[in-house]
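Notes follow once the structure below has been shown.
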2 protein chains.
Amino acid sequence: MKRGEKSSDTWIYDQVFGAILEQRLRPETKLTESELCDVFGVSRTIIRKVLLRLSLDRVVELRPNRGAIIAAPEPKEVREIFDARRLLEDGIVTEAARKCRQVDTDALESMSRQEHKCIDAQDISGAIRLSGDFHLKLAEIAGNRPLHELLRQLVAQTSLAIARYVPAGQGMCDDDDHDRLISAIASGDVELSRRIMREHLSACERRLMLETPETHSDLRLVFADVVAAQ
Amino acid sequence: MKRGEKSSDTWIYDQVFGAILEQRLRPETKLTESELCDVFGVSRTIIRKVLLRLSLDRVVELRPNRGAIIAAPEPKEVREIFDARRLLEDGIVTEAARKCRQVDTDALESMSRQEHKCIDAQDISGAIRLSGDFHLKLAEIAGNRPLHELLRQLVAQTSLAIARYVPAGQGMCDDDDHDRLISAIASGDVELSRRIMREHLSACERRLMLETPETHSDLRLVFADVVAAQ
DNA sequence: TGAATTATAATTGTATACAATCTGAATAAC
DNA sequence: GTTATTCAGATTGTATACAATTATAATTCA
């Protein structure tokens, strides 16, 4: 079973990955192998390959003998992801600002327009995905394949973080950081580009409710003081 | 089949990965599934899982219908890997210099001593592996899991680059950059640490013979001028 | 009734069987 | 003699069968 030119497992991987990016699959959702087999009409061999790849991207958690679930990053992990992104994307935006050509600017602007359209249409899922694609496009412009690949992993994990820590229906990027970023990059202003990127990522991070306690809290901790007072 | 606590596929993955790091498996070596099955006494299911993981780490190249070979990064890719490492490890060493405790310094010094021992004993393989472990230890000290994981991939690819572009039997790090790095980090001198790291990585890169033409060159390019003059 | 235990069903882990594809040598054509 | 072609063997891709483990329901015993 092939769709287009890709192998079936890559196609299925993209479908599941996309569903996670667009939050149609939310954190902690169980991914039963046989169900995925039915959905995509392939054997468990293929599904297990897809799940392994997703787990190595850390968007799926593979629990031995207990199946796969969509990953649910803890607040601490999310902060580390943003720290890592600030580091990587500082380098990426620096290089992008140096190398950016007219075609690149056009591509970025096109992506930003699409993103605005999604936001206007309340299409949160689409907006989140396009926002990630925008950052990956910068990595592509910067022209470093390993960095691009590493950022791809971090962007995916960021989408999970957004899915988990932003109230459903609320957007992440109602401002126009991306447009300001495009201007700075197109003009080749490295320092300005870096500052915008740094502040953009920090603004995204602040919008997440990382201080909110976990839904499945430790009962001993929850009632610690009550029990102590008793 | 379990060795210690790990699952058999993780154990086999480590064995193959280690063999690549230590250059017992050189670039372009064919990894036939049935041979690996015999060697490790498991079915192809397990071997294929291991090969998939290795290919996602980009240390193995999985060619559709044509099997797996040890990856052989091109000079351009190697330069990109070093560029990526300079970026990541700049952030890592900065954080490591801030957070480094006595136990960490002790661990680093112990690793460096081991490395010197390997070099003295002409154990190039061991030295390459320990050198990578040293850099990964810094990432661990820096305390950012995603970054640590990303660097792990880059370190593995660096080992491949060394395997390919350093003449057999010649060491990479006969100087004591690592020791100077430990001193700088232990003293908490961020700027000095960063400079040493940056120069250390660049020195490693320069030691590679990236300007050497490929063994399997493009015949059209090789004879381009001859044909044109004819 | 309620906790513990057992039995049963569902799910995952691994090996194997079979199909598809590739490789290379032998044969055929020029 | 060189280039095509065909065919056999080897290798990879996928599906399925069976074993091991976990989850759930039923049952037993206090």
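Values below: every heavy atom of this structure, side chains too, minus hydrogens, waters and symmetry copies. Below, chain A is the first sequence line, B the second, and so on; all start at residue 1.
- Regarding B:Leu31, its CG atom lies at a distance of 14 Å from the C1' atom of D:dT12, rounded to whole Å.
- The B:Ser34 side chain lies nearest to D:dT11 when the options are C:dT14, D:dT11, C:dA17.
- The shortest distance between side-chain heavy atoms of B:Thr45 and B:Lys49 does not fall below 4.5 Å.
- We find that CZ of A:Phe40 is positioned 17 Å from C1' of D:dT14, with the value rounded to whole Å.
- Residues A:Gln153 and A:Arg58 fail the side-chain proximity criterion, which asks for heavy atoms closer than 4.5 Å.
- Counting only Watson-Crick and G-U wobble pairs whose two key distances fall under 3.5 Å, DNA chain D forms stems of three or more stacked pairs at C:1-30 with D:1-30.
- Judged by distance alone, with hydrogens and angles left aside, the side-chain atoms of B:Asn144 form a donor-acceptor pair with the main-chain N or O of A:Glu80 at under 3.5 Å.
- Distances were taken from every side-chain heavy atom of A:Ser43 (C-beta onward) to each of C:dT12, D:dA15, C:dA15; the shortest belongs to D:dA15.
- Put simply, the side chain of A:Ser131 never gets that close to the backbone of A:Ala127: no donor and acceptor are under 3.5 Å apart.
- A search for salt bridge (charged side-chain N to carboxylate O under 4.0 Å, His left out) contacts involving B:Arg129 returns B:Glu22, not counting sequence neighbours.
- Each of B:Thr45 and B:Gly67 was assigned the nucleotide of DNA chain D with the nearest heavy atom; the assignment lying further toward the 5' end belongs to B:Gly67.
- Under the side chain to side chain contact (heavy atoms under 4.5 Å, CB included) rule, B:Arg85 has a single partner from B:Ile92, B:Val155, B:Leu150, B:Asp90, which is B:Val155.
- Put simply, CD1 on A:Ile47 is 14 Å from P on C:dG13, counting in whole angstrom units.
- One atom, CD of A:Glu33, and another, C1' of C:dA10, lie 12 Å apart when rounded to the nearest Å.
- Classified by interplanar angle (parallel below 30°, tilted 30° to 60°, perpendicular above 60°), the ring pair A:Trp11/A:Phe40 is perpendicular.
- For B:Lys30, counting side-chain heavy atoms from C-beta on, the closest listed nucleotide (D:dT11, D:dT14, C:dT11) is D:dT11.
- Going from atom CZ of A:Arg63 over to atom C1' of D:dT22 covers 11 Å, rounded to whole Å.
- By the side chain to side chain contact (heavy atoms under 4.5 Å, CB included) test, A:Asp104 pairs with A:Cys100, A:Arg101, A:Ile141, sequence neighbours left out.
- Spacing between atom CG of A:Leu36 and atom P of C:dA10 amounts to 18 Å, rounded to whole angstrom units.
- Sorted by residue number, the members of residues 49-61 of chain B with any non-hydrogen atom under 4.0 Å from DNA chain C read B:Lys49.
- Remark: A:Ala68 pairs with A:Leu31, A:Leu51, A:Val60, A:Leu62 by the side chain to side chain contact (heavy atoms under 4.5 Å, CB included) rule, at least two apart or across chains.
- Relative ring orientation between B:His178 and B:Phe134 is described as parallel, the plane-to-plane angle staying below 30° on a 0-90° scale split at 30° and 60°.
- The environment of A:Lys76 atom NZ is sparse: at most 12 non-hydrogen atoms of other residues, nucleotides or ligands sit within 6.0 angstrom.
- Neither side chain, A:Arg24 nor A:Ser125, offers a donor N or O lying under 3.5 Å from an acceptor on the other.
- Listed nucleotides: C:dT12, D:dT14, C:dA15. Nearest to the side chain of A:Arg48: C:dT12.
- Following rounding to the nearest Å, B:Asp38 (CG) and C:dA15 (P) show an atom-to-atom distance of 13 Å.
- Picking from D:dG13, C:dT12, C:dT16 the nucleotide with the shortest atom distance to the side chain of B:Arg44 gives D:dG13.
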Could you run down the sub-3.5 Å N/O contacts of the protein with nucleotides 22-24 of chain C?
| residue | atom | partner | partner atom | Å |
| --- | --- | --- | --- | --- |
| C:dT23 | OP1 | B:Arg66 | NE | 2.4 |
| C:dT23 | OP1 | B:Arg66 | NH2 | 3.1 |

